[in-house]
Participant: 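Here you go, one structure.
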Amino acid sequence: VLEDLNKDSPALEELQAQYLPASERLDTIFFYEEYETPIIGGLKKMIVPRNLAIIAGERRAKTVVLHADHCTMVKFTGKDDINYRKVVDYLHELLEQATDKVQKSQLREMDDRNTRKGESALQRAVLPKPLISVSRNYIRRPHIEEFITQNLLPSIPAKHQPRCILHGLGGGGKTQVASSWIEAHRE
């Protein structure tokens with residue numbers, strides 16, 4: 001398996017050749033590290049330099065440097081971390097484009113389906129659900145919201161991607177707590 005990950009391996013070249021036609025309609029972002037990564041014996045090495053982070057021939061891709069080494073490039077120190085901001089900004093950009101693309105795709109599919117049935121095309125597509133707004137009767141739960149913040153936005157670099165799960169009986173306010181926290185931390 002590791003042989004297939006070596007530079008210029010036939011298996012990797014085959015995967016890249018298959019990826020190019022499949023990615024023609026995708027917006028792709030290639031993130032890569034700027035700094036060498038410390039390895040055994042006090043040495044440093046560039047694990048994935050820019051030229052290996054991209055796929056040659058990819059026309060619709062953006063290439064973005066993250067100011068970190070390979071091991072720390074997605075271990076953010078918090079929401080003010082420059083790399084976190086950069087990744088979040090690109091994700092927001094992609095999400096803004098996604099709703100329009102999904103709606104257009106759904107309209108085309110419904111139009112095709114209805115044309116085959118001999119019916120008129122629907123004028124509206126089903127859109128993704130918006131974020132549930134926080135009820136004006138919502139009772140804040142600062143200790144739970146602080147716990148969520150501590151878990152999702154740790155003050156020190158996390159070894160793994162932070163996660164937080166809210167669980168409890170139906171009607172207990174889990175969705176309201178989550179919506180309130182998202183609203184308070186929306187960038």
Side-chain angles (χ1 to χ4, degrees), residues 5 19 22-23 25-39 44-50 52-55 58 60-103 105-106 125-187:
L5 296 177
Y19 173 80
S23 69
R25 293 177 29 197
L26 299 176
D27 294 322
T28 307
I29 302 171
F30 295 118
F31 292 100
Y32 66 97
E33 70 259 25
E34 180 177 29
Y35 306 123
E36 293 181 333
T37 302
I39 55 174
K44 291 184 175 188
K45 181 179 179 181
M46 187 65 71
I47 305 296
V48 183
R50 181 188 184 282
L52 296 180
I54 61 173
I55 295 179
E58 175 62 72
R60 293 180 50 113
K62 292 180 183 176
T63 307
V64 180
V65 65
L66 294 179
H67 307 292
D69 64 31
H70 190 75
C71 292
T72 61
M73 62 188 283
V74 292
K75 293 182 181 170
F76 310 119
T77 58
K79 66 180 183 177
D80 294 326
D81 182 300
I82 190 167
N83 289 331
Y84 174 82
R85 294 281 349 125
K86 197 179 283 191
V87 171
V88 166
D89 288 346
Y90 279 105
L91 288 175
H92 279 274
E93 182 181 316
L94 291 174
L95 285 173
E96 286 173 10
Q97 298 167 9
T99 301
D100 185 48
K101 289 181 180 181
V102 167
Q103 184 178 17
S105 174
Q106 288 176 337
V126 177
L127 297 175
K129 292 181 180 179
L131 178 66
I132 294 173
S133 60
V134 179
S135 168
R136 63 178 192 214
N137 298 324
Y138 172 67
I139 298 170
R140 293 205 62 226
R141 295 163 176 91
H143 61 286
I144 295 175
E145 291 179 23
E146 180 58 30
F147 183 75
I148 294 170
T149 301
Q150 289 171 358
N151 281 282
L152 294 183
L153 302 173
S155 58
I156 59 172
K159 187 172 183 176
H160 301 287
Q161 184 67 35
R163 293 184 178 102
C164 188
I165 299 172
L166 292 175
H167 65 92
L169 296 174
K174 298 176 297 294
T175 302
Q176 288 294 303
V177 169
S179 294
S180 174
W181 189 89
I182 291 168
E183 201 170 271
H185 294 86
R186 184 179 288 200
E187 314 305 21

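Remember, predicted model here, so these are calculated numbers, not experimental data. Residue numbers count from 1 along this sequence.
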Participant: Please report the interatomic distance CD(Glu33) to CE(Met73), rounded to the nearest 0.5 Å.
Facilitator: 5.5 Å
Participant: Quick one: does Ile29's side chain get under 4.5 Å of Leu91's, heavy atoms only?
Facilitator: no
Participant: For Phe76 and Asp81, work out which heavy atoms get closest and say how close.
Facilitator: CA-OD2, 3.8 Å
Participant: So, do Val134 and Gln176 sit near enough that their side-chain heavy atoms are less than 4.5 Å apart?
Facilitator: yes
Participant: Applying side chain to side chain donor-acceptor pair (under 3.5 Å), name anything that partners Ser180, two or more places apart in sequence or on another chain.
Facilitator: Glu145
Participant: I'd like to check the side-chain contact (heavy atoms from CB on, under 4.5 Å) partners of Lys86; sequence neighbours left out, ordered by chain and number.
Facilitator: Val64, Val65, Leu66, His67, Tyr90
Participant: Does Lys174 have any side chain to side chain donor-acceptor pair (under 3.5 Å) partners at least two apart in sequence or in another chain, and if so, which?
Facilitator: none
Participant: Not counting sequence neighbours, which residues clear side chain to side chain donor-acceptor pair (under 3.5 Å) with Asp69? List them please.
Facilitator: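 Checked Asp69 against side chain to side chain donor-acceptor pair (under 3.5 Å); matches are Thr72.
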Participant: Does Ile132 CD1 have over 12 foreign heavy atoms under 6.0 Å away?
Facilitator: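 No.
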Participant: Once rounded to the nearest 0.5 Å, what's the spacing between atom OH of Tyr138 and atom CZ of Arg140?
Facilitator: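 Separation between the atoms: 6.5 Å.
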Participant: Sub-3.5 Å donor-acceptor pair from the side chain of Thr37 to the main-chain atoms of His70, do we have one?
Facilitator: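 At least one qualifying donor-acceptor pair exists.
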Participant: Please name all residues satisfying side-chain contact (heavy atoms from CB on, under 4.5 Å) with Ile54, sequence neighbours left out, ordered by chain then number.
Facilitator: Phe30, Arg50, Thr63
Participant: If you compare all heavy atoms of Asn151 against all heavy atoms of Pro162, which two are closest, and at what distance to 0.1 Å?
Facilitator: O-CB, 2.8 Å
Participant: Arg141: what forms a salt bridge (charged side-chain N to carboxylate O under 4.0 Å, His left out) with it, not counting sequence neighbours?
Facilitator: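 Once residues adjacent in sequence are excluded, Arg141 has no partner under the salt bridge (charged side-chain N to carboxylate O under 4.0 Å, His left out) criterion.
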Participant: CG/Leu152 to SG/Cys164 distance, rounded to the nearest 0.5 angstrom?
Facilitator: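 Going from the CG atom of Leu152 to the SG atom of Cys164 covers 5.0 Å.
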Participant: CG of Asp80 to CZ of Arg85: how many Å apart, nearest 0.5 Å?
Facilitator: 8.0 Å
